[in-house]
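No hydrogens, no waters, no symmetry mates; every other heavy atom, side chains included, goes into these values.
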Amino acid sequence: EGDFVAHFASRNKYSLMIDIMQKLGMAVPPARERFPFPLPFPGQDTPSGTCWCSNKNKNASLSSLGETAVTPLMSCIPKYHLIGVHKAGTKAVMQYLGQHSQLLGPFIEDPASWLTDTQTNDVTIKCDKKRKLNDVSIDNNREKPIYLFTKKSKRAIRTCSFEDYSLLYGETLVTDSSDLTINHDSCMDLDRSLNNQKTLFDEMVIWDKTFSSVRGVPLPDLF
């Protein structure tokens, strides 16, 4: 009693703290409580990936406008992920897969630092600043995915959170399709609604190949 671990929960400090606690034989939080995204998320397995709908309209409520008055937002996790490291040839594989007419994606080179616990303070500040600007924008009645451009290419990005990542791919699927309408009825059975849509895929780039676990969870189990 009396022992404690001081830490700053930024970049991979949380993972280091968990590693120290495990080495000292101290009790650690359950795995599901260590990550900043919901597990399990309320998704439906579809041909495109795991998708779900939510009401994120900031100026309306179901009780005041009625169930069908608010247009829901669809979020998706791609059905397939290619896990790679820097200079391992994953970009060539992704470009090859991208030629398939029934595959859709990806936003390349997204390090998904929200997942691997490697998000820097600088990125966190930029994400927060962009989110605040989005909150006061003209289109403030709909939540938009927040991400940063990491290179000159508009497809090399850095998503800011699990919610942003999944919302971005849901938006990608809707934008790509000319016959997909997201409403209360279509959300009730996404498996059927997305039956004729493309399959989402993505590349998870693990830039730091020196670590084997995140917050005490081995990478294969985490993915």
Side-chain angles (χ1 to χ4, degrees), residues 32 35-57 62 67-68 70-84 90-116 134 139 141-150 153-206 219-223:
R32 292 182 182 275
F35 298 93
F37 48 89
L39 289 174
F41 41 83
Q44 301 178 42
D45 290 331
T46 77
S48 298
T50 303
C51 301
W52 64 95
C53 292
S54 60
N55 171 28
K56 295 293 183 65
N57 187 301
L62 291 176
E67 197 169 49
T68 60
V70 178
T71 302
L73 299 177
M74 183 175 69
S75 299
C76 290
I77 298 298
K79 193 174 186 68
Y80 300 108
H81 288 87
L82 181 66
I83 310 300
T90 52
K91 185 179 294 185
V93 176
M94 296 302 286
Q95 291 175 343
Y96 178 77
L97 293 174
Q99 298 174 21
H100 197 290
S101 60
Q102 293 304 309
L103 292 177
L104 178 61
F107 287 87
I108 62 173
E109 298 184 4
D110 179 8
S113 53
W114 47 265
L115 174 66
T116 57
N134 184 71
D139 189 24
N141 67 321
R142 295 293 299 276
E143 182 167 326
K144 295 292 184 180
I146 303 300
Y147 53 88
L148 308 175
F149 292 117
T150 58
S153 170
K154 289 189 176 182
R155 295 189 65 80
I157 67 171
R158 180 189 293 270
T159 48
C160 292
S161 69
F162 170 83
E163 288 76 12
D164 294 317
Y165 178 85
S166 56
L167 190 61
L168 178 62
Y169 272 92
E171 186 178 79
T172 298
L173 193 61
V174 174
T175 302
D176 178 77
S177 176
S178 59
D179 61 351
L180 177 60
T181 301
I182 300 301
N183 53 38
H184 177 73
D185 292 333
S186 61
C187 284
M188 293 300 292
D189 190 356
L190 285 175
D191 184 33
R192 181 176 180 179
S193 301
L194 302 179
N195 186 50
N196 296 320
Q197 304 304 318
K198 295 180 181 179
T199 299
L200 293 166
F201 74 107
D202 184 29
E203 172 190 13
M204 285 288 190
V205 182
I206 308 304
L219 282 181
D221 295 339
L222 178 64
F223 290 128

Ile182 to Met74 - nearest heavy-atom pair and separation: CD1-SD, 3.7 Å

Heavy-atom closest contact (Lys91 atom, Glu203 atom, distance): N-OE2, 4.3 Å

Contact check, side chains of Thr199 and His100, non-hydrogen atoms, under 4.5 Å: no

Nearest-0.5 Å distance that lies between atom CG in Leu167 and atom OG in Ser75: 4.5 Å

Shortest non-hydrogen contact between Leu200 and Cys76, atoms and distance: CD1-CB, 3.7 Å

Report all side-chain donor-acceptor pairs from residues 187-198 shorter than 3.5 Å, counting only partners two or more places apart or in another chain.
from   : atom 1 : to     : atom 2 : distance (Å)
Asp189 : OD1    : Arg192 : N      : 3.4
Ser193 : OG     : Ser186 : O      : 2.8
Ser193 : OG     : Asp189 : O      : 3.0
Gln197 : OE1    : Ser177 : OG     : 2.9
Gln197 : NE2    : Asp179 : OD1    : 3.3

Any side-chain heavy-atom pair of Ser48 and Tyr169 under 4.5 Å: no

Side chain proximity check, Phe201 to Leu103, heavy atoms < 4.5 angstrom: yes

Student check: side-chain heavy atoms of Phe162 and Ile77 closer than 4.5 Å: yes

Inter-residue atom distance Asp164.CG - Glu171.CD, 0.5 Å rounding: 11.0 Å

Note, Ser161 side chain near Ile146 side chain (heavy atom, < 4.5 Å): no

Minimum side-chain heavy-atom gap Tyr165-Asp202 below 4.5 Å: yes

Distance-only polar pair, side chains of Thr159 and Asp110, donor-acceptor under 3.5 Å: yes

